[in-house]
Amino acid sequence: MAEEKLPTRSQDFSEWYNQLVLKAQLADYAPVRGCMIVRPYGWALWENIQQALDRRFKATGHQNVAFPLLIPRSFIDKEQHHVEGFSPELAVVTVGGGEELAEPLVIRPTSETIIGHMWSKWIQSYRDLPVLMNQWNSVVRWELRTKLFLRTLEFYWQEGHTAHATREEAEAETRQMLDIYTDFAVNDAAIPVIPGKKSDAEKFAGADVTYSIEAMMGDGKALQSGTSHFLGQNFAQAFEVRYLDQKGELQHCWTTSWGLSTRVIGAIIMVHGDDQGLVLPPKLAPYQVVIVPIYKADEEKSLVLDTARKLKAELAKANIRVTLDEREGSSPGWKFNDWEMRGVPLRIELGPKDVAKQAAVLARRDRPGREGKISASLADLPVTVERLLAEIQQALHDKALAFRKANTHDAKMYDELKTAVETGFAFSYWCGSAECEAKIKEETRATMRCIPLEQSGGPGVCVYCGKPAAERAIFARAY
RNA sequence: CGGGGCGUAGCGCAGCCUGGUAGCGCGCCUGCCUUGGGCGCAGGAGGCCCCCGGUUCGAAUCCGGGCGCCCCGACCA
């Protein structure tokens, strides 16, 4: 129940976020440090995200699989960069059934190694390729500092893994999946994202190239919201994933992996939320519409509720996710605030006056207050609702894009970059050297988020060292 | 691992300094009344006061030790 007001976003963005996640009942803290319980409302949101992605994965030929949670410790050690990257954050099982294990098992931090191991058995011929797999699961990384949805010890995600005969095919797959994430973010989550390439310092442990989609949160900080890795032949060599080509020659496969996690829920909260609470994009919202009935006397109550129930059935028939708030003992005003806090895109207020007119009051979540309310005829309500939901979906995206543009600066001078990253993104020329990247990070706390795929303006000079630079990169403070 | 905060009713907290009947607000339950922007009244239920040890006639309170969680930095999706 929402008994107290949230801090405003400008007062304390971090505290606003923490309290909102709890109050909206998306998630709660687990008894173990850094772990999270996803509550029904949060999981419903995740299920909608899963469906939106899963149908895209299936449409591009991927199949779902389930690999085990436990991985032999030695597997992690087989790929040099992988072991360096992940060793510090592994959870290790050393005892099973009361006995010390001969070989410790790690709880998967990601599944490249065990999948590589199995592929080496399954893949023999070019006819076996490509292998296109995905799994929905959870993984464990022993993070030092955690935050609900954004970084927890265990988190839910999907990890896609593919193996190909050629470099070109694997590279195309890597980019295809990045495009899918972008499409999902923009069209379903209403989050404008910048797809781009990571620096060597920021790339996945074991990848040749890492791409990501980067989004700007409501406080101007960046959040990496999905990644796609071109793994080259690194894992194929470590696990001997080989095939015979048409000429009868033994070749190593080229592999990819790509993932998107419940972290994207954090992005949805921080991109669209306002001081009243969540604002969920209609395409992913667990409830797209809530009907709040209003009545005094008993005759009114039955009249209003009968109408409301019919309305609910009609909307549900039109495939609109709708709920009717029949809770006794809470006033309509209380319910308005409650559902606003929980981010339902559209509210229908139905009272005796409306029923008499055969109309209802519609209130858009993205336009708070009385001015956002309109009266609509009951006769064609499903059509009106569908139109409004589409408008809200678009409006959320446009607002977020406008915000990002307003807080992104083409910083040419280093001083401009320093100022820009205080409140948002700096889009600056970078020579590509790790030294410049490290210095910028050290001096501004901003990291190189990505080199956007979309470039314009030709070459320039590095914002830090002044040497020639081919491309511009996004620098920002990040979650 | 460094810095800070906190552990007392489901939640938020007071009480601790100065030891002596465990409290307040919200929520919850019952009834009445209300309901178009976080209603009101009355009654009620609910406690290993984080754990272990010490001091004391007596510990939520004092002393020692431990554990846990949250926030801020370094590491990361």
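These numbers come from the heavy atoms of this one structure, side chains and all, not from hydrogens, waters or symmetry mates. Lettering follows sequence order; numbering is per chain, from 1.
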Checklist entry - For B:G19, which nucleotide in any strand shown is its Watson-Crick or wobble partner with both distances under 3.5 Å? => result none
Next on the checklist: Given the structure, check if the side chain of A:D338 and the base of B:G38 hold any donor-acceptor pair shorter than 3.5 Å.
Outcome noted: no
Item to check | B:G27 and B:U18, which share atom name C1', separated by this distance in whole Å | outcome: 35 Å
Next on the checklist: Any donor-acceptor pair, under 3.5 Å, between the side chain of A:R347 and the base of B:G37, if you only look at N and O atoms?
Outcome noted: yes
Checklist entry - Where the side chain of A:L144 is concerned, which of B:C75, B:C76, B:C69 is the nearest nucleotide? => result B:C75
Checklist entry - Reckon A:V32 touches a base, only the sugar-phosphate, or nothing at all at heavy-atom distances under 4.0 Å? => result sugar-phosphate
Item to check | A:Y17 OH - B:C71 P separation (whole Å) | outcome: 11 Å
Next on the checklist: Would you measure the distance from the C1' atom in B:C52 across to the matching atom in B:A59 and give it in whole Å?
Outcome noted: 15 Å
Checklist entry - Which residue pairs satisfy the side chain to side chain donor-acceptor pair (under 3.5 Å) criterion with at least one member in residues 146-155 of chain A, sequence neighbours excluded? => result A:S14-A:K147, A:N18-A:K147, A:S138-A:E154
Item to check | Watson-Crick or G-U counterpart of B:G31, or none if no pair lies under 3.5 Å | outcome: B:C41
Checklist entry - Among B:C39, B:G37, B:C76, which is the nearest nucleotide to the side chain of A:E349? => result B:G37
Item to check | A:W258 and A:F57: CA distance, side-chain angles, deciding distance, ring pair (Phe, Tyr, Trp, His ring centres under 6.0 Å) verdict | outcome: CA-CA 11 Å; A:W258 26 277; A:F57 299 158; 5.1 Å; yes
For residues 303-314 of chain A, which side-chain donor-acceptor pairs fall under 3.5 Å, sequence neighbours excluded?
from: A:T307; atom 1: OG1; to: A:L303; atom 2: O; distance (Å): 2.8
from: A:R309; atom 1: NE; to: A:E326; atom 2: OE2; distance (Å): 3.1
from: A:R309; atom 1: NH2; to: A:E326; atom 2: OE1; distance (Å): 2.7

Checklist entry - B:C70 phosphate, OP1 or OP2: any side-chain N/O from A:N18 under 4.0 angstrom? => result no
Next on the checklist: Only pairs with both distances under 3.5 Å count, Watson-Crick or wobble alike; so what is the partner of B:A74 in this structure?
Outcome noted: none
Checklist entry - Is the shortest heavy-atom distance from the side chain of A:I269 to the side chain of A:L26 under 4.5 Å? => result yes
Checklist outcome for this item: Side-chain atoms of A:P332 come closest, of B:U35, B:C75, B:C76, to B:U35
Checklist entry - Starting at CG of A:L350 and ending at P of B:G36, how long is that distance when rounded to a whole Å? => result 14 Å
Next on the checklist: Say we look at B:C29 and B:G46: how far apart would their C1' atoms be, to the nearest angstrom?
Outcome noted: 10 Å
Next on the checklist: What's A:V292 touching, base or sugar-phosphate or nothing? Going by heavy atoms closer than 4.0 Å.
Outcome noted: nothing
Which atom pairs link the protein and nucleotides 3-10 of chain B when you take only N or O atoms and keep those under 3.5 Å?
none

Next on the checklist: Could you identify the nucleotide paired to B:C24, looking across every strand shown and requiring Watson-Crick or G-U wobble geometry with both distances under 3.5 Å?
Outcome noted: B:G12
Next on the checklist: Is it true that A:T447 and A:R449 share a donor-acceptor pair across their side chains at a distance under 3.5 Å?
Outcome noted: yes
Next on the checklist: For a quick check of understanding: with a heavy-atom distance under 4.0 Å over all strands, which category does A:F204 fall into, base, sugar-phosphate or nothing?
Outcome noted: nothing
Checklist entry - Just wondering, more than 12 heavy atoms not from A:Q63 lying within 6.0 Å of its CD? => result no
Checklist entry - Counting only Watson-Crick or G-U wobble pairs whose two distances fall under 3.5 Å, which nucleotide matches B:C6? => result B:G68
Checklist entry - For B:G38, does OP1 or OP2 lie under 4.0 Å from any side-chain N or O of A:S331? => result no
Checklist entry - Which part of the nucleic acid, if any, lies within contact of A:E143, taking any heavy atom under 4.0 Å across all strands shown: a base, the sugar-phosphate backbone alone, or nothing? => result base
Item to check | Pairwise C1' distance for B:C76 and B:G47, with rounding to whole Å | outcome: 41 Å
Checklist entry - Below 4.0 angstrom from OP1 or OP2 of B:G38, is there any side-chain N or O of A:S330? => result no
Checklist entry - When all nucleic acid strands are considered with a 4.0 Å heavy-atom cut-off, which category describes A:R141: base, sugar-phosphate, or nothing? => result base
Scan the side chains in residues 339-347 of chain A for donor-acceptor partners under 3.5 Å anywhere in the protein, sequence neighbours excluded, and list what turns up.
from: A:W339; atom 1: NE1; to: A:D325; atom 2: OD2; distance (Å): 2.7
from: A:E340; atom 1: OE2; to: A:R347; atom 2: NH1; distance (Å): 2.9
from: A:R342; atom 1: NE; to: A:A24; atom 2: O; distance (Å): 3.2
from: A:R342; atom 1: NH2; to: A:A24; atom 2: O; distance (Å): 3.4
from: A:R347; atom 1: NE; to: A:E349; atom 2: OE2; distance (Å): 3.2
from: A:R347; atom 1: NH2; to: A:E349; atom 2: OE2; distance (Å): 2.9

Checklist entry - For A:D274, which of A:R367, A:R365, A:K399 qualifies under salt bridge (Lys or Arg N to Asp or Glu O under 4.0 Å)? => result A:R365
Show me the side-chain donor-acceptor pairs of residues 277-292 of chain A shorter than 3.5 Å, one per line, residues at least two apart or across chains.
from: A:Q288; atom 1: OE1; to: A:R321; atom 2: N; distance (Å): 2.8
from: A:Q288; atom 1: NE2; to: A:P282; atom 2: O; distance (Å): 3.0

Checklist entry - Under 4.0 angstrom, heavy atoms only, what part of the nucleic acid is A:L150 near: base, sugar-phosphate, or nothing? => result base
Checklist entry - B:G37 P sits how many Å from A:W339 CH2, rounded? => result 19 Å
Checklist outcome for this item: Assert: residue with more 5' nearest nucleotide on RNA chain B, out of A:E89 and A:T146, is A:T146
Checklist outcome for this item: Whole-Å distance, A:K23 NZ to B:G27 P, equals 12 Å
Item to check | Whole angstrom value for the distance that separates P of B:G37 from CZ of A:R365 | outcome: 17 Å
Next on the checklist: Among residues at least two apart in sequence or on other chains, which ones pass salt bridge (Lys or Arg N to Asp or Glu O under 4.0 Å) with A:D366?
Outcome noted: A:R364
Checklist entry - How long is the line joining OH of A:Y29 and P of B:G12, in whole Å? => result 11 Å
Checklist outcome for this item: In Watson-Crick or G-U wobble terms, with both distances under 3.5 Å, the base opposite B:G46 is none
Next on the checklist: Considering every strand and a 4.0 Å limit on heavy-atom distances, what is the contact class for A:E340: base, sugar-phosphate, or nothing?
Outcome noted: base
Checklist entry - How is A:K373 classified with respect to the nucleic acid when contacts are heavy atoms under 4.0 Å: base, sugar-phosphate, or nothing? => result base
Checklist entry - What integer number of Å spans the P atoms of B:C69 and B:C57? => result 38 Å
Checklist entry - Can you tell me how far C1' of B:G73 sits from CZ of A:R145, to the nearest Å? => result 7 Å
Checklist entry - Mind checking the P distance from B:G66 to B:U21? Whole angstroms is fine. => result 31 Å
Checklist entry - Less than 3.5 Å between a donor and an acceptor, one on the side chain of A:K335 and one on the base of B:G36, is that the case here? => result no
Next on the checklist: Can you check the distance between B:A45 and B:G23, where both ends of the measurement are the P atom (answer in whole Å)?
Outcome noted: 13 Å
Next on the checklist: Could you tell me how far B:C33 sits from B:C70 if I compare only their C1' atoms? Round to whole Å.
Outcome noted: 42 Å
Checklist entry - Nearest nucleotide by nearest heavy atom, which residue falls closer to the 5' end of RNA chain B, A:S261 or A:R445? => result A:R445
Checklist entry - Can you find a side-chain donor-acceptor pair between A:S257 and A:H161 that sits under 3.5 Å? => result no
Checklist entry - Hey, does A:T110 reach any base, or is it just sugar-phosphate, or nothing, if we go heavy atoms under 4.0 Å? => result nothing
Item to check | Protein-nucleotide distance (A:K296, atom NZ; B:C39, atom P), rounded to Å | outcome: 15 Å
Checklist entry - Contact class for A:T152 vs. all strands (heavy atom < 4.0 Å): base, sugar-phosphate, or nothing? => result base
